[in-house]
Structure formats: C-alpha cells, structure tokens
Amino acid sequence: MAEEKLPTREENFSDWYNQLVLKAELADYSPVRGCMVVRPYGWTLWENIQQALDKRFKETGHVNAAFPMLIPMSFLEKEKEHVEGFSPELAVVTIGGGEKLEEPLVVRPTSETIIGYMYSKWVKSWRDLPILINQWGNVMRWELRTKLFLRTAEFYWQEGHTAHATEAEAREETLRMLDVYEDFAVNEGAVPVIKGIKSETEKFAGAVMSTTIEAMMQDTRALQSGTSHYLGQNFARAFEIQFTNRENELEYCYTTSWGLSTRFIGAIIMTHGDDQGLILPPRLAPVQVVMVPIFKSEAEKAAVMPVADRIFSELKAAGVRVKMDDREEVTPGFKFNDWEMRGVPLRMEIGPKDVEKGSVALARRDRPGREGKSFVSQENLSATVQEMLVTIQAALLERATAMRDSNIHNPKDYEELKQVVQGGWAFSYWCESKECEAKVKEDTKASTRCIPLEGQPEKAGECIVCGGKAERKVIFAKAY
RNA sequence: CGGGGCGUGGCUCAGACCGGUAGAGCGCACGGUUCGGGUCCGUGAGGUCGUGGGUUCAAAUCCCGCCGCCCCGACCA
C-alpha cells in the first residue's frame, strides 16, 4: 500500500523516481545486485506494452520464436566489434551439473550471434528470404551502476532479427521498425520521440548503422527508448549466412536487429509522472478507471453499492479496464492518494449524493485537484468515460511534447551550447568527428544522442565545436 | 576499480562520544470509531544490534578483520 509523500521532482528527481517505482509497486530490488523484481502491477503494464508492440510486429509480417539463453562464448568472439563491445558486461556460466564446462557459456546479452548461427542453417536460397523473426525474452548485462527499469543487470525486452537478400531491403526494414517504435511510443505511450541515427561512438557494437528513438525526460535528460540497427553483412559474414541468388551466385545476407525493453517503463514514468506519483497513459494503464464508492452508514452502503456495481459491469462490458476499490478499512481520501500514486488515469467517485442525482464524480489524474474533477450523468457513462480516456491520452502527449519542444535549443556558439545542455538539448551542426564529440562530452558530460532524420536544414553549416564543415545537425544532451 | 557514507523489529531512525544487556515513529494483527482528499483511540505481535575475533566482571556501544549496501567518478538498451 502506498504511504507517505514522495520527494518532489524539483528537490531530487532521482530520489523521486526510485521511491515512485517502489511505492507504485511497479518493481522491487532483488537479492542479487542489479537485478529487479517486476511486481504484478509493473508486469501488467509491460504486458500491455508487449501487446501493443506485438500487434505492430505481426502487422508488418514478423513472427515470434524463442532462442536459448545460453550462448557458446566462441559465438560472441566471431564478430570483433561485437565482442569488444559486450565482453566487459558478460555473465559467464563455467560449471554445469557440477562439472567444469569445456566451453564457457555466456548468458545472452543480446542474441545476434545465436540467431545468426541458426539463420546460417536455415537460409540456402533467395526463396528463404527475408526471415522476419522477433523474440520476447530477457537478457543480462553486468552493469556497474543500475537503476530500476532504466538500467538493470537483467532486463526484459523484445529483439527482432531479420535477414534480407539486399542492402536496400535491410535498410528499409531498419527504418520501418524505427517507425513502428515511434508510432508505439507516441500513440500508445504518449511519449514524444525524435528518430535519428547514432554516431559512430554511440552505435551498437557490430552494427553498420544504429537508429534510435530518443525521448526527453522531465529533468531534460535524454533516454534512448528503442533502437533499430542495420547490421550490413557483419554478422552474415561472421556466421556465414549465405544464400544462392537468382543468378545462382552465393551471397551474404544483410541483417537487422531492433529492440525495445522494460526501460520504456522508465520513459513513461519520467515523461508523465508528477509529485503525487505515477501518471499512466490510458492506452497502456493496467487500470484505466478506479471506482471509489463512498458511504457512511449501512443504509448508505445499501444505496450506493448496487449502483456502483451496475456501473462497474457496464464499464467492463464496454471494454474499459476498471477496478472497484471496495476496501472498507481505509477512507476514501486514502484511496484517492493511493491510486494517484499508482497513476490510474481516471477516478470515479460515487456516493449517496450521486445516487440521488444520478451522477458520478470523475477526477482526471493528469489534472490534480478541483480542476480535473467533474460531475457527470450516469446516462451513457461508458461513452463519457471512454471519451475522457482519449482526452487524457491526448493531453499527456500534448503536455510532454510542449515540454520537450521548449527545451530543445539552437545555441549560436559553443559557449551557449555548454550552457544549454545543462538543462536542455542542443540541436547543432556537427562535423561528425570523434574529436568534437569527445570534447563536448568532456566539457559538459553531454553526448550526441542522434542525428535526427527529420527537421534537418537544407544546407550545410559549420560545426558548433570546431567551425569545420558540417552536413547535418545533431542533438547534444545529457543522457541516462 | 578509486573517493565518501552506512549496516539496530517489515520501513525510517534514536541509543554509541561517556560500556551495565534495546527504544520511538510508521507499518502489521485485533477491537472500536471514522469515511465526498492521507480519521482517531486502545490492545498486541515482532530484534542472535551485518559477521568473525579481541579487550572487559560486563559490548549495540571500545579495538581489529571480513562481508554487504548506498552515494560520487571511468563503461552501457
């Protein structure tokens, strides 16, 4: 049960986040350092995320499968950049059944290698392509500094892995899935994102090109919320994924991979939450409407409950995820705070006065206090509620978008950039050299987040760091 | 792995400097009261004081070792 207040976001954003996750009962710390226990409320949220994404994956022609969690160490070593990128954070199994293993097995940090190995067995002809497989699962990366949902040693995600006959098709797939992520983030999570390309230093280990959706949290730090990689022939060569083309020539495939993890829950929390607690977008919320019946006496209870039960059934039949909080050992006021902590988008109060007047009280979570409270008729209540959920969803997106847009700046020189990234994002010309990128990082702790795919100016400019020629603009920001 | 801090009922902490055998608030259980914004009262359960050693008649308290956790710096969805 939620008790006591959170620190405000202003006071300590990080502490606000940590306590919110615990008090909203999304997750808890596990006995193993860096791992987390996802509690039922958090997992239901994840299930809703899964459904929304999975539907989109199926619509774009993908199918699900499951690959093993243990991968021979030698597989990781087949792709040079891949192993260099991941070796510091691998968990390795060296004993099985009490015997030392001949070859150590790594707990998958991601599955390009094992899937690449399997694809090499399955692909023979151009007729076998493309392969469009997704996997829902967990992976492990031995993180040094962890934070619930944002960075944990074990996390849950989906990873899509596709193989194609041509570079063009694989590149198209990479961007198609990035679009899917954007659509999901914006329309389901009400999380506005910027699609873009990662710099060489920020890209996935083993990729030719990494793309990302970047979201701005309320403290203005950036959160990489989903990634889609074009892997070229790197993994195809490492695992000999070859096919015979129409001209009877042997060719390597072009592969992609793309993933979105439980980190997205962190994005939702830090995009929408307020000082009262979590605010969930209606489309993903485990509970969309919580009903709080109000009565003093047995007589009032007898008058209120049948009406409340009837409304509950109506909403449920209409497909609304509704919860009746009929606990009698806590006061309504306590319940209000409790469900606000958990982020339920809409609260319905129903008491003796409402029964008398044929009304109910609705309180919007996104507008605290009197401002968000309204009294509506019990007539057509399902429709009223559904409309309000749509309104709340839209309002959350609008508010988050406005917040983000007002914190993206176009600094005129390097001095201003240094200022700007302390509390916002800088959208600036960059020559794409590692040196300039590193200088910004050293001076400000801000990194390049992505080169946006949209909103680029038509003509080239001068790098904000060195003044050299810059074809495109990049976002510099502090990141999670 | 470097710098700092902390380990005492489920949680937050007091007790330690000055050794004498453990307390508060919250939570939990039970009873009553209250209920349209975190009701109030009563009763009760619950602790090898992180761990191992040392000093002492006596250690939560003093000394030494170890373990664990948190925060700040180098890597990351």
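Chain identifiers are assigned alphabetically (A, B, ...) following the order of the sequence lines, protein sequences preceding nucleic acid strands; residue numbering begins at 1 within each chain.
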Counting any heavy atom closer than 4.0 Å, what does [X] reach on the DNA or RNA strands: base, sugar-phosphate only, or nothing?
X       : result
K441(A) : nothing
F155(A) : base
K335(A) : nothing
S447(A) : nothing

Practice prompt. Answer yes or no for R141(A) and W157(A): cation-pi contact, defined as NZ/CZ to six-membered ring centre under 6.0 Å and angle to ring axis within 45°.
Written response: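 Positive - R141(A) is close enough to the ring of W157(A) and near enough to its axis.
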For the [atom1] atoms, the ones on [N] and on [M], what distance do you get once it is rounded to whole angstrom?
N      : M      : atom1 : result
G9(B)  : C13(B) : P     : 12 Å
U55(B) : U12(B) : P     : 35 Å
U61(B) : A45(B) : C1'   : 28 Å
G50(B) : G7(B)  : C1'   : 6 Å
G47(B) : C6(B)  : P     : 27 Å
C17(B) : A59(B) : P     : 14 Å
C40(B) : U34(B) : P     : 14 Å
C67(B) : C75(B) : C1'   : 26 Å

Both distances under 3.5 Å, Watson-Crick or G-U wobble: report the partner of [N], or none.
N      : answer
G44(B) : C28(B)
G2(B)  : C72(B)
G38(B) : none
G23(B) : C13(B)
C67(B) : G7(B)

Worksheet item: Ignoring hydrogens and angles, are the base of G37(B) and the side chain of R370(A) linked by a donor-acceptor pair under 3.5 Å?
Response: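 No pair found.
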Identify whether the distance between the nearest side-chain nitrogen and carboxylate oxygen of [X] and [Y] falls below 4.0 Å.
X       : Y       : result
E314(A) : R310(A) : yes
R176(A) : E173(A) : yes
R9(A)   : D274(A) : no
K198(A) : E214(A) : yes
R399(A) : D366(A) : no

Discussion item. Please report the interatomic distance CZ(F336(A)) to OG1(T331(A)), rounded to the nearest 0.5 Å.
Written reply: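 Interatomic distance, F336(A) CZ to T331(A) OG1, rounded to 0.5 Å: 8.5 Å.
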Could you please name the option among [options] that lies closest to any side-chain atom of [X]?
X       : options                : result
E340(A) : A77(B), G37(B), G36(B) : G37(B)
S261(A) : G37(B), A77(B), G73(B) : A77(B)
N337(A) : G37(B), A77(B), G36(B) : G37(B)
F334(A) : G36(B), U39(B), G37(B) : U39(B)
P332(A) : G37(B), G73(B), C35(B) : C35(B)

Worksheet item: Hey, which of these two, G369(A) or E328(A), hits RNA chain B nearer its 5' end, going by closest nucleotide?
Response: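 Its nearest nucleotide being more 5', the pick is E328(A).
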Practice prompt. On RNA chain B, check which nucleotide each of K203(A) and A361(A) is closest to and give me the residue with the more 5' one.
Written response: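 Nearest-nucleotide comparison on RNA chain B picks A361(A).
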Spacing of [X] atom [atom1] relative to [N] atom [atom2], expressed in whole Å:
X       : N      : atom1 : atom2 : result
E349(A) : G38(B) : CD    : P     : 12 Å
R365(A) : G37(B) : CZ    : P     : 17 Å
I294(A) : G37(B) : CD1   : P     : 8 Å
E356(A) : G36(B) : CD    : C1'   : 14 Å
K23(A)  : U12(B) : NZ    : C1'   : 10 Å

Worksheet item: With respect to the phosphate group of U34(B), does any side-chain polar atom (N or O) of T331(A) fall under 4.0 Å of OP1 or OP2?
Response: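 No, because none of the side-chain N or O atoms of T331(A) sits under 4.0 Å from OP1 or OP2 of U34(B).
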Worksheet item: So does K296(A) get a side-chain nitrogen or oxygen closer than 4.0 Å to the phosphate oxygens (OP1/OP2) of G36(B)?
Response: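 Checking G36(B) against K296(A), no side-chain N or O comes under 4.0 Å of OP1 or OP2.
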